[in-house]
Trainee: 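Shown below is the structure under consideration.
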Amino acid sequence: MDYMRQGKLGEVKLARSIVYGSRGSIGAAGTYEIPTSVDYNLWAGPAPMSPLTRPQFHYDWHCSGNGRWRAGQ
């Protein structure tokens, strides 16, 4: 990074990175309250409304397996 910050690479217009590593488990699914700061209907969009099943709303979301993106299914 110092080499780049010293300008030795010239003008950097784009940089990409990927990190492969393990992370801890996100734990078992449960039923959790939707944060009051979230418009869950807007967040879910056209996907079916379903209960929130992960404690970290903005982190634990991923594809539910039915082709729709939603929280922690």
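Worth knowing before you read on, the calculation uses all heavy atoms, side chains too, and leaves out hydrogens, waters and symmetry mates. Each residue takes its place number in the sequence, starting with 1.
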Trainee: To the nearest 0.5 Å, what is the distance between OH on Tyr32 and OG1 on Thr53?
Mentor: 8.5 Å
Trainee: Do Leu42 and Ile34 belong together in a cluster built from hydrophobic side chains that touch within less than 4.5 Å?
Mentor: no
Trainee: Distance check, rounded to the nearest 0.5 Å: Asp2 atom CG versus Lys8 atom NZ?
Mentor: 9.0 Å
Trainee: Closest approach of Glu33 and Leu52, non-hydrogen atoms and distance?
Mentor: O-CD2, 3.5 Å
Trainee: Without swapping roles, check the side chain of Tyr40 against the backbone of Ser50 for a donor-acceptor pair under 3.5 Å.
Mentor: yes
